[in-house]
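Worksheet for the structure shown next.
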Number of protein chains: 4
Amino acid sequence: MSTTEKTDKREHILLVAEELFAGKGFDGTSVRDIAHLAGVNLAMISYYFGSKENLLKELIEYRFSYTVSLLEEKSNDQLQSPWEKIEWIIDFYVERIINNRRFHSIMSQEYNTARSSEIKELITSIKMQNLERIKKIIAEGQRKGVFRKIDVEMTLATMMGTITQVINSKNVYCVLLRIDTTDEKEYQEKITQRLKTHLRELLQAHLIGK
Amino acid sequence: MSTTEKTDKREHILLVAEELFAGKGFDGTSVRDIAHLAGVNLAMISYYFGSKENLLKELIEYRFSYTVSLLEEKSNDQLQSPWEKIEWIIDFYVERIINNRRFHSIMSQEYNTARSSEIKELITSIKMQNLERIKKIIAEGQRKGVFRKIDVEMTLATMMGTITQVINSKNVYCVLLRIDTTDEKEYQEKITQRLKTHLRELLQAHLIGK
Amino acid sequence: MSTTEKTDKREHILLVAEELFAGKGFDGTSVRDIAHLAGVNLAMISYYFGSKENLLKELIEYRFSYTVSLLEEKSNDQLQSPWEKIEWIIDFYVERIINNRRFHSIMSQEYNTARSSEIKELITSIKMQNLERIKKIIAEGQRKGVFRKIDVEMTLATMMGTITQVINSKNVYCVLLRIDTTDEKEYQEKITQRLKTHLRELLQAHLIGK
Amino acid sequence: MSTTEKTDKREHILLVAEELFAGKGFDGTSVRDIAHLAGVNLAMISYYFGSKENLLKELIEYRFSYTVSLLEEKSNDQLQSPWEKIEWIIDFYVERIINNRRFHSIMSQEYNTARSSEIKELITSIKMQNLERIKKIIAEGQRKGVFRKIDVEMTLATMMGTITQVINSKNVYCVLLRIDTTDEKEYQEKITQRLKTHLRELLQAHLIGK
DNA sequence: GATGAATGAGCATTCATTCAT
DNA sequence: TATGAATGAATGCTCATTCAT
């Protein structure tokens with residue numbers, strides 16, 4: 001069997017697990033569920049991932065792995081103004097969270113519940129890193145006199161919280177926004193656009209004051 | 001045994017269940033856990049509540065029961081300006097969610113996971129009702145020319161999402177805000193104040209533009 | 001259900017477990033085996049004993065509980081000569097071990113294997129207590145000039161080891177002694193008599209020298 | 001790979017298996033344990049030995065193979081007196097069992113448990129052969145009027161049982177004999193000497209009567 | 001000859017719930 | 001009303017073994 005196939009199988013299991021964890025929660029999903037939906041043998045899951053807990057850990061690492069350095073780069077970019085950076089970050093996060101909304105949903109569901117402190121610390125450290133980078137950008141804007149004196153930490157909570165709220169209360173916002181839930185793609189596009197525009201206007205008013 | 005004692009026992013079980021659900025999730029909490037921590041017989045839980053699922057339902061009804069009409073009243077109040085109403089709502093929600101943050105945590109964790117559509121619909125309808133009331137107030141402000149044309153639904157998401165974000169990422173924000181986690185009361189007071197001030201400034205800039 | 005019935009069920013499970021452990025070893029016996037042969041529900045075993053390991057522990061305590069003080073009494077008896085005491089002990093041990101040969105077999109099988117140090121220590125302490133009591137009797141005989149100077153500890157090993165050897169190599173000794181294996185009762189009586197006589201003659205020659 | 005290397009690998013696996021079987025029992029040892037400790041691929045065990053059961057069988061054959069004829073020779077030796085032969089046999093068995101005490105431990109643990117009748121019969125036949133040879137020597141001594149009329153089979157049980165008892169209750173006898181368990185070599189030497197002396201004195205008193 | 005991948009069967013244990021009392 | 005006893009179903013996981021390469 002080729003390396004690709006092996007990787008694909010692992011990845012396939014991870015994606016199936018992600019879907020189930022998002023829909024039924026970590027504890028609500030059994031390893032049997034995952035094996036069945038993934039079309040693999042039950043023992044395969046333990047064989048590849050050791051344990052259900054470790055499967056979650058590997059999913060987290062898999063999802064976070066490719067977005068480590070992007071933010072770092074952006075915050076150090078000398079050519080963009082602080083507000084341009086904020087606009088970029090809004091777009092980046094809205095898209096990233098909407099695209100990975102299943103995974104994001106797991107994170108917000110399981111974060112408080114996580115039994116393994118290892119997983120908890122992994123998530124905390126990633127969240128902290130991301131928040132520190134955005135903090136740096138806002139601080140830069142404040143130093144340059146472009147941004148007003150606002151509560152930076154709470155502003156970060158607003159940014160993330162708004163997106164999370166829309167994701168996690170999908171049903172409610174679909175009704176409110178009169179978006180058809182069945183057309184997944186349409187929902188995604190509309191909600192992405194709406195979130196981007198809102199956050200730009202909201203944060204512009206908040207940070208710059210117009 | 002008197003009716004009062006019976007009610008107290010039921011309530012006691014509900015509160016213990018709330019604590020455990022918040023800490024370990026619905027699926028992560030066993031009926032045995034609840035019975036043990038509540039100091040009651042295992043069979044009593046089924047005896048009183050029928051099933052674990054129904055225990056959650058009763059907890060939701062118990063928590064929502066006393067906050068139904070308050071918002072209704074406020075939105076119809078003719079003596080306050082729209083902004084005064086928004087300020088009141090911010091304070092009301094921040095306090096209510098912070099005070100019931102365990103329950104709120106359960107709701108955000110279990111909402112997407114809930115197996116019973118009955119519970120899902122119950123939560124959706126309550127959320128919808130609350131959002132509709134706030135929508136009405138913002139619409140009133142816009143009609144009066146006091147509030148700018150903003151995305152009402154997204155603004156609601158910002159309000160709720162910001163509070164939820166701070167609650168559910170307690171660990172992260174405690175570190176960021178340099179608040180001691182061990183002193184529960186101090187944490188609660190500081191975070192309440194901080195959230196209220198931030199949301200007022202944020203929404204004032206957003207809705208009114210100053 | 002009466003207390004007697006409940007105790008009987010526990011005891012019944014213990015006896016079934018003893019039989020299986022003796023025949024297939026602790027690890028070779030599954031909780032399913034025990035439940036099946038005992039005619040009880042699988043979950044019952046965990047309900048009564050908590051775990052398989054603890055079932056073994058309770059079996060050990062159950063088997064040892066009623067023979068604690070008998071030996072103590074005998075060793076302090078002032079009316080018997082040391083050799084009369086040794087004769088009594090030979091008879092006592094041969095009968096006790098033959099009658100509980102299944103349990104004895106488990107002990108010699110699992111002693112070196114026992115995973116829980118708690119069980120190991122329990123067995124060691126019981127063995128030590130018994131050996132100390134016999135040591136005391138031999139020492140008394142030596143003080144009185146009745147017994148020769150022999151290696152006390154090794155003599156204990158001989159006493160116990162001879163019985164154990166016959167029990168654990170039943171097949172071999174049945175052939176050697178030309179005893180029919182199918183008639184359990186006949187086997188037991190013959191072997192008991194043979195062991196008693198042999199040990200008396202052996203130890204008399206060893207301790208007294210005739 | 002050369003034949004030597006292959007044999008060495010097989011032997012290495014056997015020795016590792018012996019160690020684990022002795023420490024955790026046959027059922028308590030997994031093929032994975034053996035493969036891991038031996039540093040070989042898991043599938044290799046099945047590849048070399050066919051099955052776990054057969055691995056045990058090969059271990060037994062491996063251990064017994066080199067001691068088949070020694071005893072035969074000795075019992076036919078015309079130059080030694082029956083008592084000299086018994087002395088030689090005591091030394092031979094004590095040393096052989098002490099040196100192979102891990103294997104001996106497995107035999108006494110698994111003998112009653114062994115699922116395969118093939119293994120059971122193998123062990124029984126080896127034991128029988130050995131016992132028959134010693135029987136012959138004692139019978140010779142009795143014919144010559146050197147040995148008393150004693151229970152030959154039980155005397156054999158005493159010889160083997162005493163050694164086995166000391167080996168299998170190592171912990172107990174280490175405490176009783178005040179031997180340091182950590183120094184394996186010291187333990188082995190002391191216990192060997194002690195056993196030899198004890199068995200000589202014991203059997204001399206028993207067989208010859210002095 | 002040697003091995004990574006895979007698997008069906010089985011493991012001990014825990015689950016929410018029911019029932020006789 | 002209250003509860004100890006009981007249970008069928010499911011849990012996560014490990015087992016010895018096989019097989020394609």
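Keep in mind the model is a prediction, meaning the values are calculated, not measured.
Separating the NE2 atom of H12(C) from the P atom of dA5(F) is a distance of 18 Å, rounded to the nearest angstrom. Between H36(D) atom NE2 and dA16(F) atom P there is a gap of 15 Å when expressed in whole angstrom units. One atom, CE of M44(D), and another, C1' of dA16(F), lie 17 Å apart when rounded to the nearest Å. Atom P of nucleotide dA5(F) and atom CG of D8(C) are separated by 14 Å, given to the nearest angstrom. Going from atom CD1 of I45(D) over to atom P of dT18(F) covers 14 Å, rounded to whole Å. Straight-line distance from the NZ atom of K24(A) to the C1' atom of dA10(F): 12 Å, rounded to whole Å. Straight-line distance from the CZ atom of F49(A) to the P atom of dA6(E): 11 Å, rounded to whole Å. One can place CD1 of I34(B) at 10 Å from P of dT17(E), the figure rounded to the nearest angstrom.
Regarding contacts with the backbone of dT1(F), every side-chain N or O of K9(B) stays at 4.0 angstrom or more from both OP1 and OP2. For the OP1/OP2 pair of dG1(E) and a distance below 4.0 Å, the side-chain nitrogens and oxygens of Y47(D) include at least one atom meeting the criterion. Taking only side-chain nitrogens and oxygens, Y48(D) never comes nearer than 4.0 Å to OP1 or OP2 of dG1(E).
Listed for the S30(D) side chain is a donor-acceptor partner under 3.5 Å among the backbone atoms of D33(D). When atom types are taken as modelled, the side chain of S46(B) and the backbone of S51(B) share no donor-acceptor pair closer than 3.5 angstrom. A donor-acceptor pair is defined here as one N or O able to donate and one able to accept, closer than 3.5 Å; no such pair exists between the side chain of E18(C) and the backbone of L59(C). Of the possible donor and acceptor atoms, none in the side chain of H104(D) sits under 3.5 Å from a partner among the backbone N and O of T164(D). Judged by distance alone, with hydrogens and angles left aside, the side-chain atoms of K52(C) form no donor-acceptor pair with the main-chain N or O of I45(C) at under 3.5 Å. Proximity of a side-chain donor or acceptor of K127(B) to a complementary backbone N or O of S169(A) within less than 3.5 Å is not detected.
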Next on the checklist: Give the dot-bracket line for DNA chain F from 5' end to 3' end: parentheses for intra-strand Watson-Crick or G-U pairs under 3.5 Å, square brackets for crossings, | for inter-strand pairing, dots for unpaired.
Outcome noted: .||||||||||||||||||||
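Aromatic pair F64(C)/F103(C): ring centres closer than 6.0 Å.
Side-chain N/O atoms of S108(C) and N168(D) include no donor and acceptor closer than 3.5 Å.
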Checklist entry - In the 5'-to-3' direction, what one-character label does each nucleotide of nucleotides 8-13 of chain E receive under the scheme B = base within less than 4.0 Å of a protein heavy atom, S = sugar-phosphate only, - = no such atom? => result B-BBBB
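Between K57(C) and E118(C) there is a salt bridge, since a side-chain N of the basic residue sits under 4.0 Å from a carboxylate O of the acidic one.
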